Amino acid sequence: MGLLVAAALVAVPLTASAQPKEQPKEINLDEPETPAEGTEPAEAPEAPAEGEGDEAGLGDICKIDPSACPTIDLNKEAAKDLNNETYAVQQIYALRYHRFEVNPYFGLTMNDQFVGHNGPGLAINWYLTNVLAIGVNGNWYGGLNTPSDFNFQTSRAARIGEPVTEYQWNANANFTYVPAYGKFAGFSDFIFHYDFYVLGGVGAISTRPIAVVDPDNRTFDWKPKLAFHVGGGIRIFFNRWFAAMAEVSDYIFFDELENPSVAQGRAQDRSTWLAEGNSFTNNVQAQVGFSVFLPFSWEYRLPK
């Protein structure tokens with residue numbers, strides 16, 4: 001029995017060593033690989049039928065976002081003609097179209113050396129388009145007219161009184177046009193938006209001469225006169241409805257001046273108090289204030 005077991009143990013390694021080892025296969029990348037003898041080449045997968053790939057793509061989208069399946073037909077959307085519009089300029093930061101502008105300001109005289117016509121004012125504009133507006137503005141000067149030191153010193157040195165006038169109020173109807181707008185960086189990381197505007201209109205101004213030559217006898221009444229208004233300014237926006245503004249306006253009219261001479265024996269005759277003819281006058285003033293646009297917000301309806 002022991003001899004049989006030993007013979008079996010010796011036979012096993014002899015049988016295993018008699019089997020030939022498999023040699024490594026050489027692969028030539030330049031020649032197509034041929035299938036081994038007795039094996040059939042693998043068949044290429046069949047191409048999907050027309051429409052099956054689209055359905056598979058839709059199925060993938062449905063798995064990601066099921067809510068898109070019943071509302072979007074990618075086949076129909078892909079068949080539509082593309083009409084893309086690309087705008088290189090950013091949308092206007094503060095849209096003016098069909099908005100009111102309320103503009104309180106304070107005016108300072110710039111060109112009259114003899115008397116200052118300073119006073120508050122208010123302008124209200126309605127924008128018919130984004131660049132064109134109609135509106136009104138008015139100034140109040142009553143009680144704020146101030147003769148200058150230059151006028152006092154000149155009159156005392158030359159013994160001659162310079163005819164001057166004082167203003168009471170001014171009102172105008174205007175057209176406003178915005179030819180340009182833009183933006184600039186300030187305070188390192190804050191962007192300010194601004195626009196330039198010009199305006200023109202017609203109105204009235206109430207004035208009267210200041211009695212300088214014969215103040216003991218002469219007193220003048222306020223009289224309204226036809227006036228024309230031209231100007232231009234800049235607005236700097238802090239948000240979409242609030243802006244600081246600076247404007248230079250010229251109010252043009254024909255004014256009446258005091259007669260520099262006194263008629264002999266007719267000092268109290270009112271017909272002799274005014275100088276002959278009218279004086280062409282430019283009342284140029286700097287106006288500084290702020291603008292509030294109403295309503296405060298809006299919705300874009302133009303192409304983006």
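Everything quoted here is computed from the prediction, not taken from an experiment.
- Contact of the Val198 side chain with the Val230 side chain is not registered, since no non-hydrogen atoms from C-beta on lie closer than 4.5 Å.
- Note: Trp126 and His98 have parallel aromatic rings, judged against thresholds of 30 and 60 degrees for the angle between ring planes.
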Discussion item. Using the rule given for side-chain contact (heavy atoms from CB on, under 4.5 Å), can you reason through Asn239 versus Tyr93, listing the C-alpha separation, both sets of side-chain angles and the distance that settles it, and then say yes or no?
Written reply: CA-CA 8 Å; Asn239 56 37; Tyr93 177 74; 4.2 Å; yes
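- Taking the six-membered ring where the residue is Trp, His229 and Tyr251 present parallel rings, their angle staying beneath 30° rather than reaching 60°.
- Cluster membership for Leu144 and Trp222, using ILVMFWY side-chain heavy atoms within less than 4.5 angstrom, is not shared.
- Leu199 is connected to Val131 through a chain of hydrophobic side-chain contacts under 4.5 Å among Ile, Leu, Val, Met, Phe, Trp and Tyr, so both are in one cluster.
- Counting heavy atoms from C-beta outward, Asp255 and Lys225 have side chains that approach closer than 4.5 Å.
- Annotation: side chain of Arg235 is not in contact with side chain of Asn103 (no heavy-atom distance under 4.5 Å).
- Summarising the geometry of Asn139 relative to Gln285, their closest heavy-atom pair is OD1-NE2, 3.3 Å, with the distance given to 0.1 Å.
- Residues Tyr197 and Glu101 have side chains that never bring a donor and an acceptor to within less than 3.5 angstrom of each other.
- Closest approach of Pro209 to Phe220, counting heavy atoms only: O-CD1, 3.4 Å.
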Practice prompt. Determine, step by step, whether Val102 and Leu122 satisfy the side-chain contact (heavy atoms from CB on, under 4.5 Å) criterion, reporting the C-alpha distance in whole Å, the side-chain angles of both residues, the deciding distance to 0.1 Å, and the verdict.
Written response: CA-CA 8 Å; Val102 180; Leu122 178 67; 4.2 Å; yes
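- Taking all atoms of both residues into account, the shortest heavy-atom contact from Thr165 to Val115 is O-CG1, 3.6 Å.
- Val136 and Trp169 sit in two unconnected hydrophobic clusters of ILVMFWY residues. Membership requires side-chain heavy atoms under 4.5 Å apart, directly or through other members.
- Residues Phe237 and Tyr181 fail the side-chain proximity criterion, which asks for heavy atoms closer than 4.5 Å.
- Within 6.0 Å of OH in Tyr97 there are 12 or fewer heavy atoms belonging to other residues, nucleotides or ligands.
- Side-chain contact between Tyr105 and Val288: absent, with no pair of heavy atoms (C-beta onward) separated by less than 4.5 Å.
- Under a hydrophobic-cluster definition in which Ile, Leu, Val, Met, Phe, Trp and Tyr are linked whenever side-chain heavy atoms come within less than 4.5 Å, directly or via other members, Tyr194 and Val292 are assigned to the same cluster.
- Closest heavy-atom contact between Glu166 and His117: CA-CE1, 4.1 Å.
- Counting heavy atoms from C-beta outward, Phe280 and Ile252 have side chains that approach closer than 4.5 Å.
- A distance of 4.5 Å separates CG in Asn130 from CG in Leu95, rounded to the nearest 0.5 Å.
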Item to complete: Might you work through the side chain to side chain donor-acceptor pair (under 3.5 Å) test for Asn137 and Gln287, ending with a clear yes or no?
Response: CA-CA 12 Å; Asn137 85 297; Gln287 300 173 177; 4.8 Å; no
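- Distance check, rounded to the nearest 0.5 Å: OG1 of Thr281 to CD of Glu256 gives 10.5 Å.
- Under a hydrophobic-cluster definition in which Ile, Leu, Val, Met, Phe, Trp and Tyr are linked whenever side-chain heavy atoms come within less than 4.5 Å, directly or via other members, Phe192 and Trp241 are assigned to the same cluster.
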Worksheet entry | Audit row: Leu226, Phe253, side-chain contact (heavy atoms from CB on, under 4.5 Å) steps and yes/no | CA-CA 6 Å; Leu226 179 67; Phe253 60 98; over 6 Å; no
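- Considering every non-hydrogen atom in both Ala211 and Arg218, the closest pair reads CB-O, 3.5 Å.
- The environment of Phe175 atom CZ is sparse: at most 12 non-hydrogen atoms of other residues, nucleotides or ligands sit within 6.0 angstrom.
- The two atoms that bring Asp250 and Asn282 nearest to each other are OD2-ND2, 2.8 Å, heavy atoms only.
- Annotation: side chain of Ile134 is in contact with side chain of Leu128 (closest heavy-atom distance under 4.5 Å).
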Item to complete: Would you sort out whether Tyr167 and Arg208 count as a side-chain contact (heavy atoms from CB on, under 4.5 Å), showing the intermediate values?
Response: CA-CA 7 Å; Tyr167 304 161; Arg208 69 178 180 182; over 6 Å; no
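- The closest side-chain heavy-atom distance from Trp273 to Asn259 is not below 4.5 Å.
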